[in-house]
Novice: 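Dropping the structure in here first, questions after.
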Amino acid sequence: QARASVPCSALIVYVSEENHTRRLAHAIADGAASILSPKRGEVRLLAAHEASFQDVLRADLVLLGSPTINAAVHPALQAFINSWPLRDDSARGKVGGTFVTSGG
């Protein structure tokens, strides 16, 4: 059965201390790339320290991944989120999501 390609771009930003979140981010990126149109879509995978608000603006879909630290997002990912201008509506209308990894 053929799958329809979706014309959009995805940005996946993550923090990973022990590679669990990084591996999950790569698996999500692979899945997204399998359904995005190669002509009009792309998947960008960046560590939080590599990403900027400009990367967010260029994407239609933004996914953020983090290990849980004391039931909260990793401070490096929170710093990335906090760098976004609060009064700037240019990111309005984006599709967003999150994913986390956690120990037992």
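Start at 1 with the first residue, then count along the sequence. Any value given below was found using the heavy atoms of this structure, including those in side chains, with hydrogens, waters and symmetry copies removed.
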Novice: Let me confirm one number: the CZ-CD distance from Arg58 to Glu42, rounded to the nearest 0.5 Å.
Specialist: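 With rounding to 0.5 Å, CZ (Arg58) is 8.5 Å from CD (Glu42).
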Novice: Taking all non-hydrogen atoms of both residues, which atom of Ala48 and which atom of Val13 are closest, and how far apart?
Specialist: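 Answer, listing the atom of Ala48 first, then Val13: CA-CG1, 3.6 Å.
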Novice: For side chain to side chain contact (heavy atoms under 4.5 Å, CB included), just list the numbers for Ser66 and Phe99, CA-CA rounded to whole Å, side-chain angles, deciding distance to a tenth of an Å, and then say yes or no.
Specialist: CA-CA 7 Å; Ser66 172; Phe99 59 97; over 6 Å; no
Novice: Output the distance between atom CG (Asp30) and atom CD1 (Ile12), rounded to the nearest 0.5 Å.
Specialist: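 Answer rounded to 0.5 Å: 8.5 Å.
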Novice: Roughly how far, to the nearest 0.5 Å, is CG of Leu11 from CD of Gln54?
Specialist: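 Here the interatomic distance stands at 12.0 Å.
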Novice: Please determine whether residues Leu45 and Val95 belong to a single hydrophobic cluster, defined as Ile, Leu, Val, Met, Phe, Trp and Tyr linked transitively by side-chain heavy-atom distances below 4.5 Å.
Specialist: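 Yes.
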Novice: Just how far is it from atom OH of Tyr14 to atom NE2 of His26, taken to the nearest 0.5 Å?
Specialist: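 Between Tyr14 OH and His26 NE2, I get 4.5 Å after rounding to 0.5 Å.
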Novice: Give a yes or no on whether Ile28 and Val73 share a hydrophobic cluster (residues Ile, Leu, Val, Met, Phe, Trp, Tyr; joining criterion: side-chain heavy atoms under 4.5 Å apart).
Specialist: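 No, separate clusters.
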Novice: Restricting to non-hydrogen atoms, name the atom on Leu46 and the atom on Asp55 that form the minimum distance, rounded to 0.1 Å.
Specialist: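 Scanning both residues completely, I find the closest heavy atoms to be CD1-OD2, 3.6 Å.
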Novice: Using a strict cut-off of less than 4.0 Å between a Lys/Arg side-chain nitrogen and an Asp/Glu carboxylate oxygen, indicate whether Asp60 and Lys94 qualify as a salt bridge.
Specialist: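 A salt bridge is absent here (no side-chain N lies under 4.0 Å from a carboxylate O).
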Novice: With a 4.5 Å limit on heavy-atom distance, are the side chains of Phe80 and Leu64 in contact?
Specialist: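 When only atoms from C-beta onward are counted, Leu64 and Phe80 do touch, with a gap below 4.5 Å.
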Novice: So how far is it from Thr98 OG1 to Leu63 CG, rounded to the nearest 0.5 Å?
Specialist: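 Those atoms lie 8.5 Å apart.
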Novice: Could you state whether Val43 and Leu61 fall into the same hydrophobic cluster, counting links through intermediate Ile, Leu, Val, Met, Phe, Trp or Tyr residues with side-chain heavy atoms under 4.5 angstrom apart?
Specialist: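 Same cluster.
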Novice: Going from CD1 on Ile69 to NE2 on His74, what distance comes out if it is rounded to the nearest 0.5 angstrom?
Specialist: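 Going from the CD1 atom of Ile69 to the NE2 atom of His74 covers 5.0 Å.
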Novice: So, does Asn70 use its side chain to make a donor-acceptor pair with the main chain of Ala72 at under 3.5 Å?
Specialist: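 Such a contact is absent between Asn70 side chain and Ala72 backbone.
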Novice: Looking at Asn82, Thr21, Val15, which hits side-chain contact (heavy atoms from CB on, under 4.5 Å) with Leu77?
Specialist: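 Running side-chain contact (heavy atoms from CB on, under 4.5 Å) over Asn82, Thr21, Val15 with Leu77 returns exactly one hit, Val15.
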Novice: Where do Ala59 and Ala10 come nearest, in terms of heavy atoms and distance?
Specialist: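 What the structure gives for the nearest pair is CB-C, 4.4 Å.
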